[in-house]
Amino acid sequence: MEPDIGKELYKVMDSLVALKIDLSCDPHVPGASLVLSASQSRDACEALEVATESVKRLVAALNGGAIGSEPRH
């Protein structure tokens with residue numbers, strides 16, 4: 001595996017772990033309620049954006065492009 005691809009995969013995993021943490025519920029909130037602060041919501045959105053962009057770069061690289069090039073679709 002190319003070092004750049006490995007680096008992008010780590011970015012995806014880091015972003016997804018951050019998202020998991022951001023979406024953790026307070027165990028004291030009853031039932032199926034999920035309460036997120038505005039800050040947690042923004043952080044979750046940012047984590048998704050970073051992961052999505054990294055996946056797009058990986059797809060482009062695996063389709064014969066270079067890391068950072070635009071996907072073909």
Side-chain angles (χ1 to χ4, degrees):
M1 179 178 345
E2 292 181 31
D4 288 341
I5 291 175
K7 182 180 176 182
E8 287 300 317
L9 286 172
Y10 277 110
K11 283 171 124 177
V12 171
M13 292 305 300
D14 285 345
S15 295
L16 294 176
V17 168
L19 179 61
K20 179 182 175 189
I21 291 167
D22 288 338
L23 296 179
S24 294
C25 290
D26 182 340
H28 303 292
V29 175
S33 299
L34 177 64
V35 179
L36 293 176
S37 68
S39 176
Q40 286 173 307
S41 295
R42 282 190 292 274
D43 290 347
C45 288
E46 182 180 347
L48 283 172
E49 183 66 30
V50 169
T52 300
E53 290 303 315
S54 288
V55 168
K56 286 179 182 178
R57 286 191 289 275
L58 286 170
V59 168
L62 294 172
N63 282 331
I67 292 287
S69 62
E70 290 296 317
R72 293 180 185 171
H73 52 81

Count I, L, V, M, F, W, Y as connected when their side-chain heavy atoms are under 4.5 Å apart, and connections chain through other members. Are L19 and Y10 then in the same cluster? no

Which distance, rounded to the nearest 0.5 Å, do you find between the OG of S54 and the CD of E49? 10.0 Å

For a quick test of reading the model, state the closest non-hydrogen atom pair linking A47 to A18 and the distance between them. CB-CB, 4.4 Å

Can you establish whether the number of heavy atoms outside E46 located under 6.0 Å from its atom CD is more than 12? no

Group every Ile, Leu, Val, Met, Phe, Trp and Tyr by side-chain heavy-atom contacts under 4.5 Å, then state whether V17 and V50 land in the same group. no

Got a second to check how far L9's CG is from D14's CG, nearest 0.5 Å? 11.0 Å

CG (L16) and CG (L48) are apart, to the nearest 0.5 Å, by 7.5 Å

Can you hop from V59 to I5 via hydrophobic side chains spaced under 4.5 Å? yes

